[in-house]
Amino acid sequence: MAEALNRTEREFLLNCGICGGRLTDPRILDCLHSFCKECLVIKQEQATKKDVVICELCGTHTRLSNDSIDSLTTNIFVTNIGRVEEITNSNCSFYCTFCEDQGDWEEASSRCLTCGDWLCLACAGRHCGTTVTKRHKVVTLDDVRVDPQHRPELRKLYESKCISHDEKLRKFCSKCETPVCSECEHSDHKKHTFIPLEDVVEEVRDNLSNALEMYKVLEECDGESDMQMAKRFQEVTNKEKTLLQIVHSARERLIQEIQQQATAAELAISQPFEAVKMLLSESMELEKKRSESTQKSRLFCEKLQQEGLKGECVHFRDLLLRVKKVDRKRAQLEFPPMPEINVNVNELSFPKIFSVSVSEQRPVSPVEIPRVRSPVVTTGSVNERLQENLWSRQRGNDAEHIPPEARGDKPRTDFPQRGAEGDVYQSHPQEVEFEGSADEDSDVEETEDEDDLLDTSDNDQMSNDAENNAIRPPFNVPVVPRKSAKTVDDEDIIATLNVNGHRTIPLSIQIDQTPPEIFDISWLTDTEFAVGDKANQRIKVFGDDGTFLWQKDIQEGLIERIACVNGVVASDFPSGVHLDTRHDSFQKIYYQCTVKRTNPYPIAKTNGKEVIIGNADFPELRCYTKNGKRIRYLSLGKKLKINYIAQDENKAFLFTEKDSTIVKKFQEGQGISKFFEGLPGGWVPEGVATDSENNVYVSDSASSDIVKLSPQGKLLGVLGVHPTSPRGMSISRQNQLLVCDGEGRAWLMHI
């Protein structure tokens with residue numbers, strides 16, 4: 001009798017490892033992990049190689065036929081379990097099959113376990129009284145949910161049948177390698193060789209037994225590795241405590257004047273141990289994840305072996321033959337060396353009280369380990385992953401993804417120290433004294449999030465094109481007087497606001513074939529900004545002094561909107577959004593869109609690490625990391641043709657729309673509201689930007705004005721500088737306003 005799934009089994013078997021939700025149209029990979037088909041399609045679109053899918057849980061590579069996700073095996077076993085779970089463990093309503101055929105929607109109270117029809121109270125009576133169906137087994141929906149003995153009968157209702165003839169599968173065609181019914185045997189598969197379906201199912205169950213035994217051994221090895229690392233972690237902690245206790249006991253006997261030296265000794269002891277403990281903690285977390293992935297595969301084999309029906313088991317015949325058999329040996333784990341530290345306490349009141357000697361040591365030599373994991377188990381042993389983590393931790397962020405041979409250097413073997421005066425003996429023969437203060441910078445840097453993997457440290461260097469291009473000196477443009485005074489009402493004149501200096505920066509470079517067409521602009525760093533040149537199909541980056549720094553050609557062209565997030569330039573193209581750095585075009589975010597797109601993809605200028613994109617074809621803002629990984633959707637409630645968009649310090653979005661004179665505001669959880677209804681006499685709002693005080697600036701391309709609004713949407717005035725047909729804008733953290741105009745220039749103002 002099939003037992004009901006517990007919470008852990010339900011989560012492992014029925015939830016997608018990518019989106020985290022209930023599996024829909026699940027496809028199973030060679031590692032026996034299942035994912036939603038839609039999730040795999042999105043993952044394949046973002047991948048460089050289209051003929052292979054990499055498992056999100058264990059890293060196994062599964063090859064695709066014809067580069068199509070459809071070639072993957074449909075996990076009908078999990079699908080059928082999910083259907084039964086939906087019936088037995090939910091309060092969902094179902095409708096009578098016969099009433100529904102007649103256009104009536106009567107809620108079902110029973111189900112026939114023989115023919116599978118849902119029945120209302122009236123139809124259930126007729127079903128049991130009809131000659132043809134009076135021997136059918138009809139049970140109430142409440143009985144189905146309470147009594148677990150009905151679960152196998154429910155499962156049989158979903159057992160696979162012949163696609164062509166809707167009959168029960170009876171034999172297995174050796175030539176076509178597919179299960180067939182009796183009708184297929186005498187028609188499409190005539191003169192073929194057949195195997196009894198029971199023999200094929202028995203073969204599948206034998207393979208399941210082998211796979212199940214393998215996964216059980218892997219689970220035992222994973223558990224033993226966890227225990228060894230936990231024990232090692234405790235040993236490191238205990239030894240650290242012992243050595244620190246020596247220092248603490250001596251410190252109690254010493255006078256206050258040597259407190260600073262005691263602190264330095266504590267730091268010298270703690271740093272090597274903390275480095276090892278941090279590596280062990282990270283490795284323990286990795287082993288935990290690997291153990292869970294192994295448990296999922298083992299659970300699938302166990303459940304399919306125990307509860308799999310013939311029609312279900314036969315679909316996994318080829319898949320199980322491809323499952324790689326792994327013999328993981330229980331080897332003694334090799335850990336990073338225990339820091340050998342001796343603490344000597346001078347009982348006399350000499351200037352130097354504590355001395356900490358660190359024996360000469362090197363971490364385990366780094367091993368080049370590919371990040372893709374082999375089928376079933378992780379590539380590389382626990383020892384290799386410890387080595388890799390130790391190497392990346394000591395090298396820091398900027399060199400994390402650069403091979404050692406490309407850097408031309410060797411792994412560091414010394415731990416940097418900082419603190420007050422004290423003696424530290426390391427691998428060098430001479431004595432090293434602490435003379436700096438505790439405020440000095442340490443060479444150890446914490447690794448950032450997975451999203452912060454891009455190196456933009458060389459953005460301040462000029463490219464070859466910049467060296468050949470003459471430096472353009474900045475020059476001031478006289479303030480253009482207003483053509484006509486706009487009024488808030490019949491009596492008040494709009495105030496003209498002064499700016500603390502301004503200048504224009506030409507945005508053309510020598511290699512341009514045509515005059516530039518710039519529609520948007522964004523600060524890349526505090527001293528650099530990027531623009532998108534639609535006419536020449538390239539991204540250009542300039543310094544705030546007008547110096548051209550570098551450029552990157554975008555073959556798709558049609559760049560109309562641009563935004564920068566932590567050194568990454570996001571720019572739109574006909575099918576979506578590019579993500580680029582100076583040296584790499586690492587990601588494209590694709591959108592479904594109309595064939596002839598007339599509205600650009602607005603990219604929000606945000607204060608955080610998200611790339612937020614609007615799309616006129618969808619009623620939401622879509623949020624991605626700067627590596628192109630989808631995070632979440634922000635529902636707008638309806639489709640909008642957003643023109644320009646910006647985010648203030650309170651995470652609220654201000655935006656303009658095509659063919660609209662109203663500036664609108666969107667706050668998550670509060671919806672869309674009117675922020676500013678426009679100026680009397682008409683205006684054409686374009687770019688939007690916010691400063692550090694949440695004041696809002698809107699460019700008016702019709703009157704060549706920059707309108708300033710308060711955080712509440714009250715008109716404060718118009719800036720005293722009037723760029724020609726201003727478009728996109730961006731404000732730096734130093735409140736420097738950048739505006740691109742209709743003549744290929746950038747206007748820089750201090751507000």
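Between the side chain of Q647 and the main chain of I612, no donor-acceptor pair closer than 3.5 Å is present. Between the side chain of T625 and the backbone N or O of N627, at least one donor-acceptor pair lies under 3.5 Å. Between the side chain of D648 and the backbone N or O of L654, no donor-acceptor pair lies under 3.5 Å. Side chain of N536 to backbone of T514: a donor-acceptor contact under 3.5 angstrom is found. Using a distance-only test at 3.5 Å, with no hydrogens or angles considered, no donor-acceptor pair links the side chain of D700 to the main chain of S704. Looking only at distances, no side-chain donor or acceptor of T690 sits under 3.5 Å from a matching main-chain atom of N695. With D741 contributing its side chain and E743 its backbone, the two residues share a donor-acceptor pair below 3.5 Å. With hydrogens and angles disregarded, no donor-acceptor distance shorter than 3.5 Å links the side chain of S65 to the backbone of S71. Formation of a donor-acceptor pair under 3.5 Å by the Q44 side chain with backbone atoms of K50 is found in this model. Not one N or O on the side chain of T504 forms a donor-acceptor pair closer than 3.5 Å with the backbone of A746.
At a threshold of 4.0 Å, the pair R63-D51 counts as salt-bridged, since one of the basic side-chain nitrogens sits closer than that to a carboxylate oxygen. Remark: D526 engages R733 in a salt bridge, criterion side-chain N to carboxylate O under 4.0 Å.
Counting non-hydrogen atoms of neighbouring residues, nucleotides and ligands closer than 6.0 angstrom, the CD atom of Q513 reaches no more than 12 such neighbours. Atom NZ of K43 has more than 12 heavy atoms from other residues, nucleotides or ligands within 6.0 Å.
Here L57 contributes atom CG and S34 contributes atom OG; the two are 10.0 Å apart, rounded to the nearest 0.5 Å. Atom NZ of K37 is separated from atom CD1 of I42 by 12.5 Å, given to the nearest 0.5 angstrom. Atom OG1 of T527 and atom CD of Q734 lie 9.0 Å apart (nearest 0.5 Å). Distance check, rounded to the nearest 0.5 Å: CD1 of I559 to OG of S571 gives 4.5 Å. For the atom pair L715 CG and L709 CG, the distance stands at 6.0 Å (nearest 0.5 Å). Summarising the geometry, atom CZ belonging to F529 is positioned 5.5 Å from atom CG belonging to L507; distances are rounded to the nearest 0.5 Å.
Of all non-hydrogen atoms in P602 and R561, the two that sit nearest each other are CA-CG, 4.0 Å. When all heavy atoms are compared, the tightest approach of L579 to A570 is CD2-CB, 3.7 Å. Smallest separation of non-hydrogen atoms from G720 and T496: CA-CG2, 3.7 Å. Heavy atoms only, all atoms of each residue included: E620 and S635 are closest at CB-CA, 4.0 Å. Taking every heavy atom of both residues into account, G546 and I505 meet most closely at CA-CG2, 3.6 Å. In this structure, V721 and M749 approach most closely via the heavy-atom pair CG1-CE, 3.8 Å.
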### Query
Are L497 and K708 close enough, and set up right, to give a side-chain contact (heavy atoms from CB on, under 4.5 Å), and what steps lead you there?
CA-CA 9 Å; L497 307 176; K708 182 177 181 180; 3.6 Å; yes
### Message
Run the salt bridge (Lys or Arg N to Asp or Glu O under 4.0 Å) test on D572 and K534 for me, step by step, so that the C-alpha distance in whole Å, both residues' side-chain angles and the decisive distance to 0.1 Å come before the verdict.
### Response
CA-CA 10 Å; D572 71 321; K534 180 179 179 180; over 6 Å; no
### Query
Where do W747 and L738 land on the side-chain contact (heavy atoms from CB on, under 4.5 Å) test, with the steps shown first?
CA-CA 6 Å; W747 294 63; L738 272 173; over 6 Å; no
#### Entry: Derivation and outcome, side-chain contact (heavy atoms from CB on, under 4.5 Å), residues K626 and K609
CA-CA 7 Å; K626 68 177 188 177; K609 297 183 179 181; over 6 Å; no
### Task
Take K664 and F675 through the test side-chain contact (heavy atoms from CB on, under 4.5 Å) and record every step on the way to the result.
CA-CA 5 Å; K664 295 183 179 180; F675 183 75; 5.7 Å; no
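Looking at V569 and T581, their side chains never come closer than 4.5 Å, going by heavy atoms from C-beta outward. Residues L40 and F35 are in side-chain contact: their nearest non-hydrogen atoms beyond the backbone lie under 4.5 Å apart. A 4.5 Å side-chain heavy-atom check between I672 and L636 finds at least one atom pair inside the cut-off. Side-chain contact between F655 and L640 is present, with at least one heavy-atom pair separated by less than 4.5 Å. Using a 4.5 Å heavy-atom cutoff, the side chains of L64 and V53 are in contact. Two residues are said to be in side-chain contact when any heavy atoms from C-beta on lie closer than 4.5 Å; L72 and T62 meet this criterion. Looking only at side-chain heavy atoms (C-beta outward), I539 and D533 stay at 4.5 Å or farther from each other. Residues M729 and Y697 have side chains in contact (heavy-atom distance under 4.5 Å, counting atoms from C-beta outward).
With 3.5 Å as the limit, one finds a donor-acceptor pair spanning the side chains of T547 and D545. Of the N and O atoms on the side chains of H750 and N735, not one donor lies less than 3.5 Å from an acceptor on the other residue. Side-chain N/O atoms of Y644 and D520 include no donor and acceptor closer than 3.5 Å.
Cation-pi check for R622 over F618 is met; the charged atom lies under 6.0 angstrom from the ring centroid and within 45 degrees of its normal.
The aromatic ring centres of W550 and F542 sit 6.0 Å or more apart.
Judged as a side-chain hydrogen bond (donor to acceptor under 3.5 Å, both in side chains), and not counting sequence neighbours, the contacts of E686 are N643, S701.
For residues 508-517, the pairs satisfying salt bridge (Lys or Arg N to Asp or Glu O under 4.0 Å) are D512-R538, D512-K540, with sequence neighbours left out. Among pairs with a residue in residues 667-678, those fulfilling side-chain hydrogen bond (donor to acceptor under 3.5 Å, both in side chains) read R632-E668, at least two apart in sequence or across chains.
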